[in-house]
Amino acid sequence: MSTPASPDNLRAVRAWFEESFRTRWEMGASVSIWQHGREVLSLAHGHCDRARTRLWDENTLVPVWSATKGPAAVCCLLAVEEAGIPLDCPVAEVWPEFVGGGKGNIAFIHLLSHTAGLCALDERVPIYNHDAVIEALEHQRPLWEPGTRQGYHARTFGFLLDEVVRRLTEAESLGEYFREVFGSPMALDFWIGLPSAQWDRVSPIYPGKISIANADQPFIKAFNTAGTLTHRTFVSPFGLNAVSDFNQSETWARGYASMGGVGSARGLAQFYSMLAQGGRWNGTQIIPESVVRRLEQTLTQENDSVLLTPIAFSAGMMQDPLNEDPELGGGKLRQLYGPSALAFGHPGAGGSLAFADPENGISFAYVMNQMEVGALPGERVQGLVRALYA
């Protein structure tokens, strides 16, 4: 068996990537893979538009949707750590108004593990009105007893973490804090709040098409059925529900911490490379190793009430769920993040994916502009990860 990121494996990654443009409807995409702090593979190919007037290259930026949640979670964890606050501390200790609606017992660990019961809002507020969303979250009653159930906080997650970071630091937003602590010092080609000087580098994104094959998926059915928890979650707060909304410079600039990140595969993979090395970058300890250990430790694993499939979460990162049936010999139910049980990361709508594998010193990122349909990344990226670890 070859070792992860061996020359043979990297050749297999390249072959799968190239084949996706011929047979898997890839339009423009990049892959960046790092090992032990060094980029070992950079792939970029295709076009930024359907008319093929603009070439895609390794410096192309693209919206990555929920792949933003990984960097956002690290920002929140670091802010909490530097304030000397334990994760089991009630959020209201830092954010007193949060206690409304009977939320006095919700702790930071509940926010980060998607077990707070705040995935959908009863109040209808627009996503672009930050103050109104925060006020609605302050009033909101938990939809379940915090810590007893897991439901992906698709949109509210970013607002919750953003407000915590604002209150714990002097930063005006989580995106600004990310830039100060990680983006600028590491020269990352990734932003949560894209400055106008970078707008002309962004590729538009294109929606995936629902087919007969995927229309019956439980998540797709629930997502398209008004009143379900899944549907309510993805429209709370409301607005930015069309893919075309994410091709607007105003959306890139606002820095939504749940889904507003814009960057390159290299920018994301470089960030995760730092995490794969215990928080160190170029000989400097960027974040304490204790924070990275929290990202590796699974806090909850359930058939997620929103995504309707088994999902595992550490403190803000997604992990592959483990097979808990002893008769089936354990192991992972899926390997989006490779075979290591310590690996963690986050996908984004349509297929983007970034993760760290500290056990092997590997980080990986894939971004693209032609989206696929589904809650989790599809075959285009799964094949890349399989090849990397074959």
Side-chain angles (χ1 to χ4, degrees), residues 5 30-44 57-64 67-82 158 161-162 165 168-195 197-198 201-202 252-253 255 257 260-296 315-317 343-346 348 352-358 360-367:
S30 299
V31 175
S32 178
I33 299 171
W34 296 60
Q35 188 163 33
H36 308 311
R38 185 175 69 85
E39 190 175 38
V40 293
L41 187 66
S42 174
L43 302 173
D57 63 33
E58 61 185 13
N59 296 311
T60 299
L61 307 180
V62 69
V64 299
T68 313
K69 287 185 172 77
V74 176
C75 287
C76 183
L77 274 173
L78 182 60
V80 169
E81 173 95 359
E82 290 190 328
L161 269 55
D162 191 311
V165 169
L168 287 175
T169 72
E170 294 181 355
E172 289 185 11
S173 68
L174 184 149
E176 183 188 274
Y177 182 74
F178 173 82
R179 205 71 217 155
E180 288 173 5
V181 178
F182 303 106
S184 293
M186 294 178 64
L188 295 178
D189 224 4
F190 182 80
W191 287 263
I192 305 174
L194 188 69
Q198 308 295 335
R201 298 173 57 202
V202 183
W252 310 333
V262 180
S264 66
R266 177 174 289 149
L268 269 174
Q270 189 179 334
F271 174 76
Y272 277 95
S273 179
M274 177 269 296
L275 299 177
Q277 297 178 96
R280 291 181 69 78
W281 183 254
N282 285 346
T284 301
Q285 194 74 37
I286 301 285
I287 60 171
E289 195 164 346
S290 56
V291 172
V292 180
R293 298 289 86 86
R294 291 193 183 280
L295 303 172
E296 298 172 351
M317 292 285 186
F344 56 82
H346 216 288
S352 55
L353 179 70
F355 68 83
D357 169 5
N360 293 293
I362 288 174
S363 73
F364 169 97
Y366 160 84
V367 302

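Since the model is a prediction, treat every value here as computed from it, not as a measurement.
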Side chain Gln277, main chain Asn282, donor-acceptor under 3.5 Å: no

Counting only heavy atoms not in Glu172 (residues, nucleotides, ligands), do more than 12 fall under 6.0 Å from its CD? no

How far does OG of Ser290 sit from CG of Leu295, to the nearest 0.5 angstrom? 10.0 Å

Keeping Gln198 on the side-chain end and Leu194 on the backbone end, is there a donor-acceptor pair under 3.5 Å? no

When rounded to the nearest 0.5 angstrom, what distance separates CG in Asp357 from CD1 in Ile362? 5.5 Å

Which heavy atom of Ala269 sits nearest to which heavy atom of Ala365, and what is that distance? N-CB, 3.6 Å

Residues in salt bridge (Lys or Arg N to Asp or Glu O under 4.0 Å) with Asp162, at least two apart? Arg166

Stepwise side chain to side chain contact (heavy atoms under 4.5 Å, CB included) test for Leu275 and Met317: CA-CA 12 Å; Leu275 299 177; Met317 292 285 186; 4.2 Å; yes

Nearest-0.5 Å distance, OG1 of residue Thr68 to CG of residue Leu161: 12.5 Å

Out of curiosity, Leu41 CG to Ser32 OG, how far, rounded to the nearest 0.5 Å? 8.0 Å

Nearest atoms (heavy-atom pairs only) where Ala67 meets Ser352: CB-OG, 4.2 Å

Identify the residue among Phe182, Trp34, Phe271, Tyr272 that makes a ring-ring contact (aromatic ring centres under 6.0 Å, His included) with Trp281. Trp34

Sorted by chain and residue number, the ring pair (Phe, Tyr, Trp, His ring centres under 6.0 Å) partners of Tyr177 (sequence neighbours excluded) come out as none

What's the verdict on side chain to side chain contact (heavy atoms under 4.5 Å, CB included) for Leu77 and Ile287, showing C-alpha distance, side-chain angles and the deciding distance? CA-CA 10 Å; Leu77 274 173; Ile287 60 171; over 6 Å; no

Show every donor-acceptor pair shorter than 3.5 Å between a side-chain atom in residues 261-268 and any protein atom, with sequence neighbours excluded, or say none if there are none.
residue : atom : partner : partner atom : Å
Ser264  : OG   : Gly267  : N            : 3.0
Arg266  : NE   : Glu39   : OE1          : 3.0
Arg266  : NE   : Glu39   : OE2          : 3.2
Arg266  : NH2  : Glu39   : OE1          : 2.9
Arg266  : NH2  : Ser42   : OG           : 3.2
Arg266  : NH2  : Glu58   : OE1          : 3.3

Restricting to pairs with a member in residues 179-190, which pass side chain to side chain donor-acceptor pair (under 3.5 Å), not counting sequence neighbours? Asp189-Arg201

For Gln35 and Asn360 the tightest heavy-atom approach is NE2-O, 3.2 Å

Looking at every non-hydrogen atom in both residues, tell me the closest pair between Ile192 and Pro71 and how far apart they are. CD1-CB, 4.3 Å

List in chain and number order the residues that pass ring pair (Phe, Tyr, Trp, His ring centres under 6.0 Å) with Phe355, two or more places apart in sequence or in another chain; answer none if no residue qualifies. Tyr337, Phe364

Got a sec, which residues hit ring pair (Phe, Tyr, Trp, His ring centres under 6.0 Å) with Trp191, two or more places apart in sequence or on another chain? none

Looking at Met186 and Gln270, what are the two nearest heavy atoms and their distance? O-NE2, 2.7 Å

Does any non-hydrogen side-chain atom of Val165 lie less than 4.5 Å from one of Ser173? no

Minimal heavy-atom distance between Ala257 and Leu174, with the atoms involved, is CB-CD2, 4.1 Å

